[in-house]
Number of protein chains: 2
Amino acid sequence: MNDASGLRERKKRATREALQSAALRLALAQGPENVRVEEIAEAAGVSPRTYNNYFSSREQAIVAAVAADRAAQLAAAVTGRPAGSGLADTVIDAVVASCTDPGDHPRGALLMIATTPALRACYVDAVTSIEDTLAGAVTARHPGIDPLTAQVLAAAVGAATRIALRRWLHAATVPASMPGFVVPAGSLPDGIRTALTPLAPALDAAALDAAPDEPGPMSPAR
Amino acid sequence: MNDASGLRERKKRATREALQSAALRLALAQGPENVRVEEIAEAAGVSPRTYNNYFSSREQAIVAAVAADRAAQLAAAVTGRPAGSGLADTVIDAVVASCTDPGDHPRGALLMIATTPALRACYVDAVTSIEDTLAGAVTARHPGIDPLTAQVLAAAVGAATRIALRRWLHAATVPASMPGFVVPAGSLPDGIRTALTPLAPALDAAALDAAPDEPGPMSPAR
DNA sequence: ACAGAAACTTGCGTGCACGCAATTTTGCGT
DNA sequence: ACGCAAAATTGCGTGCACGCAAGTTTCTGT
């Protein structure tokens, strides 16, 4: 009973989720700048000090729920794409899909995170853990691939996504001064796709170097 | 006289460098944890508040000098490699070289940054700006390349380097079982090279898509 | 040369991250 | 059921990042 079944673990998870949801709710309601740690802690029924035992920054709690949601979504999108297509198409489509399809909460949430610098920075950090998830999904699909290679490719994908995100909202914030000079919006999915395209050769090459995905039902270990 | 010739700009640069060198010197002398912002500010002859007008964290000043050094070194290594070879080889060799060849100060500096978590995190952030430098160098060498592509590839290289660095010192972090011998398994340059290898196809493909630096076979649109 | 503007510095106040040690809660063996 | 050990919570103190509103230095036009 070391894992999730213990009372202890359940309580920890409960407070963590309470903190996350409270933080997100308050941030959406009052604006992210007008939320004190004390408020979040009080809403979750713990002391402010305990908050920092769960999250190491004020923004982290706000972002955590959305980020976790995204990770799960990405993994599902990658593993859900059964077989046959190249790694590049698989990964790119999965990333685009995970950004198109909103998870549970985020409607204004994503926009708030994107437009608030502090939250954006925190979200970028959280993306790092998503990269690990991606790497895991990739090795699951192509067992013969080198783990290091998978990790590098996943990190590259994350970096490209980050750039696409940055460009997208940099273009979106401009138009206050110049009426119509720079078209404010390409769609974010398109931007991500074009940002990811340069990495396609590396993805396909890696998949080709290793064993291509198996025609048969044998499930390799690990 | 808007640029570097003004008195104002010269003074700003002077204080910035004073803060950087003081921070690095104190960190090396006393250990990074035992340096107060107040000390650095006093050593540079400014108020503690002014320190935060130049650097937004305590670690940033320590890392800044080394990071800037690295950026210059990398750019030189990329542009210095005359022509003819593939983009992948060029970039990989340049990155490895910039990590092998120590700049001015860093002897223990790099090791200190690598082993102190807070400094490492800050250095990783600084690497982001190095990526921009790399992207610039790449577009200088291959003018026909899409700027976005260059940026993505540079970010991918940065991400791979980050992973190599992390793996290297994760292997080096031996618990207290063996005191005295903390020899890292494998050299860092080798680790970087292997981490960068999976990206080679993407780099070469991008260079081929654009105009190669010498008149070669024309490449079809992708 | 001089007055006004723009930029930089500084002190102050606030909220936050985190180490430390005391206290409470939970888990487990007997 | 009981008690001890491990773990989590909490309060406190310290150092830090940053907005704000003076005060000071540099730049610019006339």
Side-chain angles (χ1 to χ4, degrees), chain A residues 1-20 22-24 26-27 30-64 116-123 125-126, chain B residues 1-20 22-24 26-27 30-64 116-123 125-126:
Chain A
M1 295 193 182
N2 205 353
D3 259 341
S5 63
L7 205 177
R8 216 177 195 117
E9 290 302 318
R10 256 186 301 141
K11 261 199 169 180
K12 273 182 67 171
R13 231 164 256 286
T15 39
R16 161 163 272 132
E17 286 181 19
L19 286 171
Q20 285 179 359
L24 185 57
L26 289 173
Q30 315 173 3
E33 307 298 330
N34 304 324
V35 181
R36 312 245 179 286
V37 167
E38 188 179 323
E39 286 185 82
I40 303 175
E42 191 183 10
V46 296
S47 81
R49 182 62 182 85
T50 297
Y51 173 91
N52 280 304
N53 290 343
Y54 283 86
F55 301 100
S56 55
S57 84
R58 184 169 60 88
E59 295 81 14
Q60 201 170 341
I62 303 175
V63 161
T116 306
L119 292 182
R120 227 167 53 217
C122 190
Y123 186 75
D125 285 351
Chain B
M1 297 195 184
N2 205 354
D3 259 340
S5 60
L7 207 177
R8 212 176 210 132
E9 291 301 318
R10 257 185 300 141
K11 264 197 169 182
K12 272 183 67 172
R13 234 164 254 288
T15 36
R16 160 162 274 130
E17 286 180 19
L19 285 170
Q20 286 177 0
L24 185 57
L26 290 173
Q30 314 174 3
E33 307 297 332
N34 304 325
V35 180
R36 312 246 179 283
V37 167
E38 187 180 323
E39 286 184 83
I40 303 175
E42 191 183 8
V46 295
S47 80
R49 182 63 182 84
T50 298
Y51 173 91
N52 280 305
N53 290 344
Y54 284 86
F55 301 101
S56 56
S57 84
R58 185 170 59 89
E59 295 82 13
Q60 201 169 340
I62 303 175
V63 161
T116 306
L119 291 182
R120 227 167 53 216
C122 189
Y123 186 76
D125 284 353

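Below, read A as the first sequence line, B as the second, and so on, with proteins coming before strands; counting in each chain starts at 1.
- Among the atoms of the strands shown, only primed sugar atoms or phosphate atoms (P, OP1, OP2) are found under 4.0 Å from some heavy atom of Arg58(A).
- Side-chain N/O atoms of Lys11(A) include one lying less than 4.0 angstrom from OP1 or OP2 on dT26(C).
- Contact between Ala41(A) and Leu19(A) at its shortest, heavy atoms only, is CA-CD2, 4.3 Å.
- To the nearest angstrom, C1' of dC18(C) lies 14 Å from CD of Gln60(A).
- Under 4.0 angstrom from either OP1 or OP2 of dA7(C) there lies no side-chain N or O belonging to Arg8(B).
- Nearest to the side-chain atoms of Thr15(A) among the listed nucleotides dC16(D), dT9(D), dT10(C) stands dT9(D).
- Counting to the nearest Å, the C1' atom of dC16(D) and the CD atom of Glu33(B) are 13 Å from each other.
- Across its full length, the helix from dA1(C)-dT30(D) to dT30(C)-dA1(D) shows an angle of 30° between the axes of its 5 terminal pairs at either end, rounded to 10 degrees.
- Using a 4.0 Å cutoff on non-hydrogen atoms, the parts of residues 40-52 of chain B near DNA chain D are Arg49(B), Asn52(B), ordered by number.
- At a threshold of 4.0 angstrom between heavy atoms, the contacts of Tyr54(A) are confined to the sugar-phosphate backbone, with no base atom among them.
- Side-chain contact between Thr15(B) and Lys11(B) is absent, with no heavy-atom pair separated by less than 4.5 Å.
- Interatomic distance, CZ of Arg58(B) versus CD of Glu33(B), reported as 6.0 Å (0.5 Å rounding).
- Atom-to-atom, NZ of Lys12(B) to P of dC27(D) comes out at 12 Å; the value is rounded to the nearest Å.
- In this structure, Arg16(A) is positioned above the aromatic face of Phe55(A), its NZ or CZ under 6.0 Å from the six-membered ring centre and within 45° of the axis.
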